[in-house]
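Okay, so here's the structure we're looking at.
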There are 4 protein chains.
Amino acid sequence: MTSFVYRRQMTIEWGHCDPAGIVFNARFFEFFDVSTWLLFEAALGVKRSDLNATFGIIGLPLVDARAAFRKPAKFGDTIEIASRVKTFRRSSFDVEHLITVGGELAVEGGETRVWAGKHASDPHRISALAVPADVVKRFGLQQV
Amino acid sequence: MTSFVYRRQMTIEWGHCDPAGIVFNARFFEFFDVSTWLLFEAALGVKRSDLNATFGIIGLPLVDARAAFRKPAKFGDTIEIASRVKTFRRSSFDVEHLITVGGELAVEGGETRVWAGKHASDPHRISALAVPADVVKRFGLQQV
Amino acid sequence: MTSFVYRRQMTIEWGHCDPAGIVFNARFFEFFDVSTWLLFEAALGVKRSDLNATFGIIGLPLVDARAAFRKPAKFGDTIEIASRVKTFRRSSFDVEHLITVGGELAVEGGETRVWAGKHASDPHRISALAVPADVVKRFGLQQV
Amino acid sequence: MTSFVYRRQMTIEWGHCDPAGIVFNARFFEFFDVSTWLLFEAALGVKRSDLNATFGIIGLPLVDARAAFRKPAKFGDTIEIASRVKTFRRSSFDVEHLITVGGELAVEGGETRVWAGKHASDPHRISALAVPADVVKRFGLQQV
């Protein structure tokens with residue numbers, strides 16, 4: 001069983017770039033966020049804006065994000081972002097985002113997120129919930 | 001009676017600029033939004049995140065925004081944004097934002113916003129409410 | 001002869017939205033900018049990052065931008081942006097961007113831009129140049 | 001000798017926040033970038049837009065960025081960002097950014113950047129240069 005990968009291509013736009021003519025670093029974290037929503041939409045077959053309602057969660061809050069910038073991406077470049085969940089733990093998981101430009105690795109990104117719902121006794125608090133086994137299976141993974 | 005003006009200075013940062021080395025246009029609309037919140041905070045003496053609760057509104061939704069770009073602002077420039085309400089109508093108002101760089105007019109911006117609350121009979125809908133006379137007076141203006 | 005229209009569809013992402021759950025206004029101006037580049041790429045048959053080199057210009061600087069917000073767009077909405085040049089003058093032109101959500105007009109946007117090159121005698125200055133007749137024709141328009 | 005720390009306070013604005021009402025993660029990386037420029041400006045006594053010219057570099061390109069999100073920051077919150085260089089190596093260095101809200105740690109950020117100039121023999125390439133000893137000293141540090 002192989003892990004589910006979501007790939008998309010996009011073009012680097014003028015407004016993504018800084019005075020050095022390359023993508024401003026914060027934009028990559030925005031690209032990662034979009035790709036994580038698309039990855040879950042594709043793996044679970046649920047429109048991204050319906051994920052919370054469908055699974056009874058309040059979201060997938062980010063607890064850690066990171067990126068290593070290997071090569072710059074510049075205005076007009078077509079990039080590919082390949083995203084997958086690397087590991088599901090009980091209630092959190094790691095997403096990997098690999099960005100390539102012309103087939104060469106440009107950015108290695110990662111996010112750690114939580115499967116989060118309302119706290120059982122206090123609706124104003126957020127609780128980490130167990131990721132359903134069915135969800136994990138859809139990504140071609142086993143919980144660790 | 002003169003109209004209340006809120007002025008602030010800020011420096012143009014690397015991430016505000018595009019490959020031409022000047023502020024990317026969308027950023028100016030973000031600057032305007034911040035200045036409108038600060039203008040209301042200053043004129044009404046209420047922290048901007050408490051405005052809605054204090055006045056029983058759900059916000060000041062934007063219905064129109066515009067900007068004329070006279071001179072570019074670039075990385076490291078100190079800009080001044082002078083903001084004021086130009087006109088209060090029954091339930092909407094026009095905000096003017098003048099941005100200067102080194103004393104010269106760089107951007108002439110404008111926003112039209114609505115004083116909005118929950119609809120009386122349907123809480124899922126938004127209604128334009130009458131701007132309280134007291135609010136108008138704080139800006140040194142009269143309703144038209 | 002009808003004017004050339006460039007249409008694209010996109011989904012509203014989480015990071016486009018503000019605490020009211022709707023697209024933050026500045027994002028629309030970013031969408032407009034992308035659409036203008038795409039419109040010129042499509043009408044002129046030149047990759048957007050090659051436009052300047054191909055036509056010997058230094059860009060299409062924005063001198064005026066505006067938007068009227070009729071209906072909000074929210075997370076998960078599919079929007080369509082239809083963009084066209086409405087008028088070409090000697091060295092400037094007006095772009096119209098109409099955004100619909102579910103077929104209903106949500107945002108009416110406009111940009112005025114300049115066909116700009118290096119100043120003939122001073123390379124550090126920017127000059128408005130005459131838009132080539134051939135460019136105007138590609139948009140199905142006549143100069144006014 | 002203690003390491004130079006640059007602290008600034010800022011308010012979380014409406015446009016920084018997502019539909020959950022908290023700062024959208026990509027914004028924090030933008031805050032880090034601003035703070036790094038301010039840290040160098042303050043430590044070296046050179047306006048941030050003059051750093052490159054003063055030191056004969058072409059910038060401080062980011063090769064790695066990361067953040068651990070401990071507590072959310074929301075609209076209207078005053079945050080403090082304390083930034084310092086933790087380690088200078090021969091030609092790269094690590095910046096730490098600690099964000100607190102009401103005195104509590106909210107985000108732990110980090111950046112790795114390079115002291116970069118034009119390549120000696122090929123001006124189109126970028127080279128990692130040795131960080132001048134004088135620069136390191138200004139931060140109250142020693143190279144490792």
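Keep in mind that the numbers below use all heavy atoms, side chains included, and drop hydrogens, waters and symmetry copies. Within every chain, numbering begins at 1; the chains are lettered A, B, ... in the order of the sequence lines, protein sequences first and strands thereafter. The shown structure was predicted, so the numbers you read here are calculated from the model rather than taken from an experiment.
- Taking non-hydrogen atoms and a 4.5 Å limit, the residue list of residues 47-58 of chain A in contact with chain C, ordered by number, reads A/K47, A/R48, A/S49.
- The side chain to side chain contact (heavy atoms under 4.5 Å, CB included) search around A/A133 returns none, not counting sequence neighbours.
- Ring planes of C/W37 and A/F75: perpendicular class, angle over 60° (limits at 30 and 60°).
- Remark: C/R66 CZ is packed, more than 12 non-hydrogen atoms of other residues, nucleotides or ligands lying under 6.0 Å away.
- The local environment of CZ in C/R8 is crowded, with over 12 non-hydrogen atoms from other residues, nucleotides or ligands closer than 6.0 Å.
- Heavy atoms of other residues, nucleotides or ligands lying less than 6.0 angstrom from CG of C/D122 number more than 12.
- Interface residues of residues 80-104 of chain A toward chain C, defined by a heavy-atom distance below 4.5 Å: none.
- Among residues two or more places apart in sequence or in another chain, the side chain to side chain contact (heavy atoms under 4.5 Å, CB included) test is passed with A/A43 by A/F4, A/F139.
- Taken to the nearest 0.5 Å, the CD atom of A/E41 stands 7.0 Å off from the OG1 atom of C/T11.
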